[in-house]
Peer 1: 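Okay, here's the structure, questions in a sec.
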Amino acid sequence: MKQTPVLIVGGGYAGLASALFLSHQGVPCLLVDRHPGVSLLGRARGINPRTLEIYRPLGLDERVKEAGRPFDEEAGVARCATLAGEWQWLFGEESPRGLPELTAGEYCMADQSTVEPILIEAARAKGAELWFDTQCRSIEPDADGVTAVVEDRATGERHTIRAQYVIGADGYGGATRERLGIARTGLGPLRHFVTFVIRADLSEIITKRALFWIVGEPGGAVSAAFVSHALRDHWGLSLMYDPDKESPDDFTDERCVAAAKAVIGRDVPVEIVSRAAWTEAVGVADRYRSGRVFLVGDAAHVWPPAQGLGANSAVQDAHNLAWKLAAVLAGRASDALLDTYEAERRPVALELADLTVRSQAARFGSNPQDDPVDPVTCVLGQRYASTAMAGAPPESVFGDGVSRHARPGTRAPHLWLSQDGRRIGVHDLFHDSFVLLCGPGGEEWERVAVEGVRVHRVGSELVDVEGHWEARYGCDAVLVRPDGYVAWRSDDPASEDDPATRLAAALHQILH
């Protein structure tokens with residue numbers, strides 16, 4: 001029987017991010033995934049600034065941005081009857097990719113097929129074990145842990161795994177949620193797709209690259225969606241099908257080639273490279289936790305791809321959960337801290353599920369201006385209400401915009417700082433421990449020594465490049481969690497105790 005603190009079931013974005021963040025926190029983990037490796041399908045296009053902000057202190061941001069270079073010249077959404085015909089631009093240039101007033105992160109158009117290898121390499125470098133081509137056959141939780149049986153799909157050999165915790169990251173159709181008996185609330189399946197990658201030289205047809213093309217007669221039903229791929233002369237094509245009338249197996253290579261040529265509008269040589277089926281659905285798991293098992297990513301929530309919020313939310317789920325598991329496994333926190341994962345991330349998912357459904361209907365309907373989604377607020381303005389902070393909680397998931405004032409439950413406001421002559425964003429400091437961020441008047445706080453807390457001071461080793469500390473933080477010290485969310489302020493509540501005692505009391509309240 002193999003022992004591991006955390007077993008991760010599923011090796012997509014959510015699972016790989018979980019392995020990366022746990023191993024970064026020093027937690028050994030084992031990931032199993034039934035696929036033999038990374039898919040060539042260019043799924044989940046787009047890394048938003050919050051996700052890149054998370055990758056920055058791990059040294060992955062430049063590699064992820066480089067993975068998105070093939071898509072740098074793309075912008076807008078076009079509709080056409082065929083690619084060789086006339087295009088109607090539904091959206092032109094997109095929003096700026098950098099938001100330097102709000103974050104050091106940027107929008108990057110890398111897709112899942114290019115980012116997953118980066119996450120795999122980084123997780124393994126930090127000590128995570130990744131077993132691909134390995135199917136999880138059973139999960140049996142008990143009071144002290146979880147026993148799982150996994151099978152090597154190539155050899156049929158089975159292994160028994162004993163873990164203290166399990167993360168279910170096996171996607172919308174995965175078995176973990178169903179094994180736990182957790183229902184999913186929402187609209188359910190909306191549309192079914194077969195997506196395939198083709199190799200074809202379209203240089204004479206596509207002279208300006210869109211983010212994607214909606215293919216169908218003007219005013220008629222959509223027949224296909226077409227996107228570029230990271231590999232030269234590779235393209236992605238998605239076709240809808242009715243599962244009551246046919247199955248993915250009916251999409252033979254011959255049928256896919258014929259469909260691709262019809263979408264292109266010319267009889268060009270086409271080769272089928274890869275193919276898979278998937279379902280567009282809306283649903284949020286009624287619970288994110290069942291004892292020692294947690295759901296992350298698509299296993300916990302799904303919604304339409306409008307605004308590219310699904311895959312990014314998966315990474316952010318993993319980021320939220322990893323530091324909490326690390327704290328509990330190290331004995332620094334009680335089990336109650338793990339309940340705050342659902343308390344914080346599920347309300348965000350419920351809001352985004354509703355917003356993305358309405359956004360997709362508006363963006364591709366007759367009144368695109370009615371789109372209810374403010375992408376900047378949805379990405380950087382998510383707020384948490386749970387016991388994993390000390391102070392008055394926010395009243396809602398999204399306020400009127402991105403908060404620029406540090407309050408418990410909000411993402412720490414962005415600052416540009418200089419540290420040892422190097423320009424950094426304030427979130428570069430938040431990743432592997434709590435941080436007590438002190439202001440220019442926080443000399444007494446700078447000297448505080450509390451286990452599990454790293455101290456930085458603006459005006460000491462940190463230079464506030466743009467002079468925003470007072471407006472955005474406005475107190476002597478702020479305690480920030482490893483995920484970059486404000487947990488406590490030195491002026492909330494006031495106390496006569498010395499700084500070390502006050503900080504220790506706040507930390508105990510947050511972790512227990």
Side-chain angles (χ1 to χ4, degrees), residues 5-10 12-19 21-22 25 27 29 31 50-51 54 136 139 141 145-146 148 163-188 281-303 309-329 333-356 382-389 393-394 397 409 481-483 485 511:
V6 183
L7 171 66
I8 303 164
V9 180
Y13 261 155
L16 291 173
S18 296
F21 299 144
L22 284 168
Q25 295 279 346
V27 177
C29 57
L31 178 149
R50 172 59 181 152
T51 299
I54 291 169
C136 181
I139 292 176
V146 183
Q164 291 176 261
Y165 295 97
V166 168
I167 295 176
D170 47 351
Y172 173 74
T176 301
R177 180 187 59 81
E178 292 186 356
R179 286 178 176 134
L180 298 173
I182 297 176
R184 185 162 47 205
T185 299
L187 298 175
V282 180
V284 178
D286 291 350
R287 291 178 289 132
Y288 278 20
R289 180 185 187 184
S290 177
R292 290 177 172 267
V293 185
F294 300 85
L295 302 178
V296 299
D298 284 0
H301 51 71
V302 288
W303 49 70
L309 293 166
N312 288 280
S313 291
V315 174
Q316 292 156 29
D317 288 344
H319 195 237
N320 183 286
L321 179 59
W323 73 266
K324 296 173 182 178
L325 281 170
V328 172
L329 286 164
S334 75
D335 180 81
L337 178 65
L338 299 177
D339 288 332
T340 68
Y341 164 62
E342 176 182 318
E344 294 178 354
R345 294 301 298 168
R346 188 169 182 272
V348 172
L350 290 169
E351 288 286 334
L352 291 179
D354 174 65
L355 286 171
T356 53
Q382 299 174 13
R383 306 189 298 184
Y384 299 155
S386 80
T387 58
M389 51 201 62
V397 172
R481 308 185 324 183
D483 60 357
Y485 271 71
L511 295 177

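In this chain, numbering begins with 1 at the start of the sequence shown.
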Peer 1: Can you check whether Ser313's main-chain N or O pairs, donor with acceptor, with Arg50's side chain at less than 3.5 Å?
Peer 2: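 Answer holds: no.
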Peer 1: So His301 and Tyr288, would you call those rings parallel, tilted or perpendicular, with 30° and 60° as cut-offs?
Peer 2: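 Taking Tyr288 first and then His301, their aromatic rings sit tilted (interplane angle of 30° to 60°).
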Peer 1: Specify the closest pair of heavy atoms between Trp323 and Leu511, including all atoms of both residues, with the distance to one decimal.
Peer 2: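 Smallest interatomic distance, heavy atoms only, reads CZ3-CD2, 4.2 Å.
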Peer 1: For the backbone of Leu295 and the side chain of Tyr341, can you confirm whether one donor and one acceptor N or O come within less than 3.5 Å of each other?
Peer 2: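 Judged by distance alone, yes, a pair lies under 3.5 Å.
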Peer 1: Which heavy atom of Thr176 sits nearest to which heavy atom of Gly168, and what is that distance?
Peer 2: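 For Thr176 and Gly168, the tightest heavy-atom pair comes out as CG2-CA, 3.9 Å.
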Peer 1: Is any side-chain heavy atom of Phe21 closer than 4.5 Å to a side-chain heavy atom of Val315?
Peer 2: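 They are in side-chain contact.
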Peer 1: Looking at Val6, Ile8, Leu180, Val9, which hits side chain to side chain contact (heavy atoms under 4.5 Å, CB included) with Val166?
Peer 2: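 In the set Val6, Ile8, Leu180, Val9, the residue that makes a side chain to side chain contact (heavy atoms under 4.5 Å, CB included) with Val166 is Val9.
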Peer 1: Backbone N or O of Val284 within a donor-acceptor pair of the Arg184 side chain at under 3.5 Å?
Peer 2: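 Not at all, since once roles are kept as given, no pair shorter than 3.5 Å links the two residues.
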Peer 1: Main chain of Ile182, side chain of Arg177: is a donor-acceptor contact present, judged purely on distance under 3.5 Å?
Peer 2: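 Side chain of Arg177 to backbone of Ile182, a donor-acceptor pair under 3.5 Å: yes, one is there.
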Peer 1: With rounding to the nearest 0.5 Å, note down the distance linking OH in Tyr13 to CG in Asp317.
Peer 2: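 These two atoms lie 14.5 Å from each other.
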Peer 1: With the side chain counted from C-beta on, respond yes when Met389 and Tyr485 share a heavy-atom pair under 4.5 Å apart, and no when they do not.
Peer 2: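 Answer no - side chains too far apart.
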Peer 1: Would you check if Leu325 and Leu22 make a side-chain contact, meaning some heavy-atom pair closer than 4.5 Å?
Peer 2: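 Yes, side chains in contact.
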Peer 1: Between Ala318 and Ser18, which heavy-atom pair has the shortest distance, and what is it?
Peer 2: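 For Ala318 versus Ser18, the nearest heavy atoms are CB-OG, 3.3 Å.
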Peer 1: Looking at every heavy atom in both Glu344 and Lys324, which two are closest together, and how far apart are they?
Peer 2: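 Minimum heavy-atom separation between Glu344 and Lys324: OE1-NZ, 2.8 Å.
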Peer 1: State the NE2-CD1 distance between His319 and Ile54, to the nearest 0.5 angstrom.
Peer 2: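 Between His319 NE2 and Ile54 CD1, I get 4.5 Å after rounding to 0.5 Å.
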Peer 1: Indicate whether the side chain of Arg345 and that of Gln382 have a donor and an acceptor atom separated by less than 3.5 Å.
Peer 2: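 A pair is found: one side chain offers a donor N or O, the other an acceptor, under 3.5 Å apart.
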Peer 1: Kindly indicate whether a cation-pi arrangement holds for Arg289 with Phe294, taking the cut-offs as under 6.0 Å to the six-membered ring centre and within 45° of the axis.
Peer 2: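 The answer is no, since Arg289 fails at least one limit relative to Phe294.
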Peer 1: How close do Leu7 and Ala148 get, heavy atom to heavy atom, and via which atoms?
Peer 2: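 Minimum heavy-atom contact is CD2-CB, 3.5 Å.
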Peer 1: If you measure from CG on Leu337 to OG1 on Thr387, what distance do you get to the nearest 0.5 Å?
Peer 2: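 Nearest 0.5 Å value for the CG-OG1 distance: 7.0 Å.
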Peer 1: Under the 3.5 angstrom rule, does the side chain of Asn312 hit a backbone N or O of Thr51 as a donor-acceptor pair?
Peer 2: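 Answer holds: no.
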Peer 1: To the nearest 0.5 Å, how far apart are OH in Tyr165 and CZ in Arg292?
Peer 2: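 Tyr165 OH to Arg292 CZ: 4.5 Å, rounded to 0.5 Å.
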Peer 1: Decide yes or no for Ser386 and Glu342: does some side-chain heavy atom of the first lie under 4.5 Å from some side-chain heavy atom of the second?
Peer 2: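 Side chain of Ser386 against side chain of Glu342, heavy atoms only: no contact under 4.5 Å found.
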Peer 1: Using every non-hydrogen atom in the two residues, find where Asp170 and Ala175 come nearest and quote the distance to one decimal.
Peer 2: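 Heavy atoms of Asp170 and Ala175 come nearest at OD2-N, 3.1 Å.
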Peer 1: Could you tell me whether a side-chain N or O of Arg481 sits under 3.5 Å from a main-chain N or O of Ala388, the two making a donor and an acceptor?
Peer 2: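 Looks like yes, one N/O pair under 3.5 Å.
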Peer 1: Are Tyr384 and Asp483 side-chain neighbours, meaning at least one heavy-atom pair lies under 4.5 Å?
Peer 2: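 Yes, side chains in contact.
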Peer 1: Let me know which of Val282, Leu309, Val302 forms a side chain to side chain contact (heavy atoms under 4.5 Å, CB included) with Thr356.
Peer 2: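 Only one of Val282, Leu309, Val302 forms a side chain to side chain contact (heavy atoms under 4.5 Å, CB included) with Thr356, namely Leu309.
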